[in-house]
Amino acid sequence: MNNFYKIQKKAIEEWQALKNSSEPVIYVGMGSCGLASGAGEVWNSVRRTIKKNNLKAQVLKVGCIGPCYLEPFFDIQKPGLPRMSFNNVDVSKSRKLISEYIIGGETKLKPLGHLGENKEEFEGVKSFWEQPMLKNQERIVLRNCGIIDPENINHYIARGGFKGLLKSFDIGPEGVIEEIKTSGLRGRGGAGFPTYKKWQFCRNAKGSPKYLICNADEGDPGAFMNRSLMEGDPYVLLEGMLIAAYAIGTNHGYIYIRAEYPLAIERLKIAIQKMFNLGLIGKNILNTGFNFNIKIKEGAGAFVCGEETALIASIEGQRGMPRSRPPFPAVSGLNGNPTNINNVETLGTIPNILREGGKWYSGFGTEKSKGTKTFALVGKVRRTGLIEVPMGTTLREIIFDIGGGTLKPFKAVQTGGPSGGCLSEEFLDLPVDYESLADAGSIMGSGGLIVMDQGTCMVDVAKYFLNFTSQESCGKCTPCRIGTHKMVEILDKITKGEAEMRDIEILEGLTSTVKNGSLCGLGQTAPNPVLTTLKYFKDEYLAHVEEKRCPAAVCRDLVEYRVIKEKCTGCQRCVSVCPTGAITGPRSEPHNLDPEKCIKCRACYEICRFDAIAGDAIVIV
Amino acid sequence: MKDTIDAILKKHIPKEKGNLIPVLQSVQKKKGYISPESVNRISNYFRISRSSIYGVATFYSQFRFNPPGRHSIKICLGTACHVQGGDFILKALQAEIGISPGETTDDMRFDLDRVACLGCCALAPVVMINNKIHSRMSVIKLKELLNKYE
């Protein structure tokens with residue numbers, strides 16, 4: 001323990017030295033979102049510029065701070081000034097910032113906000129946290145994301161890291177479970193089972209060795225909360241695993257993570273190595289006699305492996321197929337031994353609960369759903385990104401106050417991924433917690449919130465999800481394997497305008513068969529997207545079936561592309577991009593579009609600068 | 001050929017059959033795909049039948065069984081990408097380079113795959129080319145981008 005206080009003291013000194021640095025410090029947002037927006041190029045360019053100009057400045061990588069639509073983030077902290085955050089910084093803007101702001105001293109480019117300790121306005125610049133997207137958030141799990149260098153363990157320690165672990169050693173395993181019980185924490189993977197109960201079961205189960213598995217197989221399309229957390233603050237997950245392992249009484253930990261997240265895997269590996277070097281992972285951790293090792297297992301791309309028993313089969317090197325329960329993994333899991341599986345966000349919350357106390361955590365949220373929840377706010381919403389709000393926040397607050405609303409009028413919001421449902425406008429005032437969402441026919445899920453506007457076809461969305469689940473169905477049980485396939489067939493008929501009213505009845509019948517007859521959660525929840533869209537957006541189904549029309553002009557077979565002769569100037573841009581040569585015509589004369597050759601790829605629609613091409617259902621003539 | 005696979009296999013004990021997936025992943029990383037010969041050698045080493053290995057490998061979408069092209073294109077078809085038009089991009093690309101997901105062009109320039117989600121949903125639709133993610137794609141932008149890859 002004494003050893004740790006020495007490490008802690010050194011870490012705090014390093015962090016303070018960084019904050020009070022006499023040289024400028026540059027922070028580049030290098031999460032996956034930032035990299036996809038070009039942060040890698042910015043990073044290389046900044047390093048070159050600094051070297052070329054012989055500048056004395058530090059450059060640090062940080063994780064994702066949340067508003068992905070403003071990436072790449074580029075923060076500059078000059079001596080004596082708070083860290084100023086600039087958004088959408090590409091290579092040329094970064095050069096300009098360095099030459100004007102760092103070398104010159106002044107810049108006309110306005111920072112988005114400052115990240116100083118004090119949230120008051122600073123010389124006309126508001127606090128970063130006062131922006132509309134961040135103002136109403138409560139960042140507990142994400143408190144370090146975008147703030148610290150995820151590869152530097154001292155940053156994590158200086159900001160209260162491993163205090164939760166120390167407290168756990170103080171109060172003992174039973175004390176930890178009691179603290180989690182007080183906090184009211186429920187599983188953040190979607191089902192919402194009380195975490196303390198899960199731990200208690202595994203602790204009491206007979207058999208050894210026991211295993212702890214972190215489920216980082218974030219398979220829901222449209223969700224990336226876990227990725228951002230692991231990329232931005234891997235230590236909080238690892239500390240959570242240490243605490244969980246100590247409470248359950250196991251020395252073996254696994255992280256089952258998607259291979260699609262190479263950056264998160266790399267950062268976790270670095271973090272594990274750094275913890276090992278400080279004696280925080282391995283044998284006799286902090287001289288308490290507690291041993292713990294973590295292995296990383298890369299998934300190989302199967303959605304069903306998010307299910308506990310399928311995940312275990314995959315770690316054992318088999319096809320990832322679920323089996324019936326009981327026995328539950330807490331009794332017989334990996335290699336037939338007691339196994340506890342928790343989601344990334346659940347484990348990432350644990351250190352915060354231990355550090356601040358279970359009572360403090362239970363102060364957030366609603367009566368039955370305590371604490372905060374992270375969401376990936378995406379789709380047709382103005383401000384997309386990663387957010388964290390207290391449970392019980394309404395969908396309206398999330399979509400309109402935090403997300404800034406939609407461009408076209410709002411139509412629906414989809415929660416819970418392929419297992420969830422689409423909720424219509426009347427549910428906007430629904431508080432987001434486990435029970436309310438389930439009552440409305442959807443689920444909390446892992447936390448993807450996909451916003452849809454009038455340009456989204458709900459039948460197409462239902463088809464998309466069913467297509468996904470039918471492809472990802474492992475094929476073990478018949479209702480799921482054949483039922484989802486049949487549902488896709490019917491939905492396909494509807495979107496092609498070939499369906500009759502009878503098909504909708506068959507579809508409704510199939511939903512209950514698949515729901516009741518499937519073995520695992522994948523099949524049991526697969527009909528949810530169909531059920532909710534049928535319930536709340538039946539008029540769209542009817543338009544497809546009775547009028548053979550797609551109101552949102554999305555379904556390929558029900559729309560037609562044509563050139564509006566009056567608007568076409570004959571500029572030939574569409575002719576050059578059409579992959580099938582469907583558009584012809586001499587320069588300066590209205591072009592011809594041959595519907596026989598047209599594959600409806602939308603290339604002409606995108607490139608036309610004169611609005612001369614339109615989907616038939618959205619006639620602009 | 002033999003040496004690379006040998007080096008991978010040597011890192012694992014034949015008894016630990018749970019390492020089959022990591023071995024397949026390493027082989028694919030080095031060779032680009034899982035060839036019948038690789039399966040043979042893995043089968044001999046771990047004493048697992050070839051059909052069992054194919055059973056496991058074909059279950060997971062990560063593994064491919066034909067040689068990859070010089071550049072690999074992965075079109076994200078996650079929910080956010082779908083809502084923002086990812087499907088249109090896939091269809092247009094298929095028409096442009098003339099192959100379907102899972103295939104490689106005859107000149108070995110491109111191979112094409114679809115992925116369920118790359119986790120960059122806030123920047124949808126996204127396309128991944130050779131492990132680099134390109135955000136806010138459109139049919140036109142992708143066409144221009146492809147010219148950079150020979």
Side-chain angles (χ1 to χ4, degrees), chain A residues 32-33 35-37 40 68-69 71 218-224 227-228 258-262 297-303 314-321 376-380 384-386 414 417-418 448 450 452 456 461 464-465 468 472 474 556 577 579-580 599-603 606-607, chain B residues 16-25 28 46 48 52 55-63 74 76-85 87-98 115-124 126 128 131-136 138-143:
Chain A
S32 279
C33 305
L35 289 171
S37 311
C68 301
Y69 74 112
E71 295 274 8
E218 189 175 41
D220 280 13
F224 56 89
R227 171 184 66 70
S228 285
R258 300 179 74 200
E260 285 90 339
Y261 288 173
K297 282 270 179 186
E298 286 179 41
F303 175 67
S314 179
I315 292 184
E316 289 171 350
Q318 301 161 19
R319 288 165 70 96
M321 291 179 132
L377 183 60
V378 296
K380 298 193 173 171
T384 53
L386 179 69
Q414 208 276 345
I450 296 130
M452 298 162 189
T456 316
V461 167
Y464 164 79
F465 280 117
F468 180 82
E472 293 294 339
C474 76
R556 216 176 280 268
V577 297
T580 57
I599 55 161
K600 298 175 185 174
C601 72
R602 248 190 5 180
E606 275 175 20
I607 205 162
Chain B
E16 287 180 356
K17 300 195 192 319
N19 287 327
L20 176 59
I21 295 171
V23 166
L24 288 169
Q25 283 169 331
Q28 173 146 316
F46 281 106
I48 307 176
S52 304
V56 171
T58 51
F59 184 85
Y60 298 98
S61 60
Q62 191 190 12
F63 300 113
K74 290 193 168 74
C76 181
L77 292 177
T79 320
C81 289
H82 178 83
V83 171
Q84 302 277 28
D87 196 38
F88 283 97
I89 291 176
L90 176 66
K91 286 278 167 6
L93 184 69
Q94 275 177 261
E96 177 81 16
I97 61 176
V115 287
C117 186
L118 290 169
C120 289
C121 316
L123 306 166
V126 299
M128 185 155 103
N131 289 328
K132 167 135 182 60
I133 295 174
H134 300 272
S135 58
R136 297 203 179 93
S138 66
V139 176
I140 309 295
K141 261 169 92 178
L142 181 59
K143 279 188 177 183

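All chains are named by letter (A, B, ...) in the order of the sequence lines, taking the proteins before the strands, and each is independently numbered beginning at 1. On a predicted model such as this, the values are computed, not experimentally measured, just so you know.
When side chains are defined from C-beta on, A:Gln318 does not count as touching B:Phe59, because their heavy atoms never get closer than 4.5 Å. Within the 4.5 Å cutoff, side-chain heavy atoms of A:Lys297 are placed close to those of B:Pro22. In this structure, the side chains of B:Tyr60 and A:Ser314 come closer than 4.5 Å at one or more pairs of heavy atoms. At a threshold of 4.5 Å between non-hydrogen side-chain atoms, the residues A:Ile450 and B:Val83 count as touching.
In this structure, the portions of A:Ser32 lying under 4.5 Å from any heavy atom of chain B include both its backbone and its side chain. For A:Tyr261, the part sitting under 4.5 Å from any heavy atom of chain B is the side chain, from C-beta outward, and nothing else. Proximity to chain B (any heavy atom under 4.5 Å) is shown, for A:Glu298, by both the backbone and the side chain. Contacts between B:Ala124 and chain A at a heavy-atom distance below 4.5 Å are absent for every atom of the residue. The part of A:Ile599 that comes within reach of chain B is its side chain, from C-beta onward, which places non-hydrogen atoms under 4.5 angstrom from that chain. Only the side chain of A:Ala259 comes within contact range of chain B, judged by heavy atoms closer than 4.5 Å.
Taking the ring centre of A:Tyr69 as origin, the terminal cationic atom of B:Arg136 falls outside the region bounded by 6.0 Å and 45° from the ring axis.
Heavy-atom pairs under 4.5 Å with chain B were tallied for A:Pro579, A:Ala36, A:Cys68; the largest tally goes to A:Ala36.
Nearest heavy-atom pair across B:Thr79 and A:Tyr464 is N-OH, 2.9 Å.
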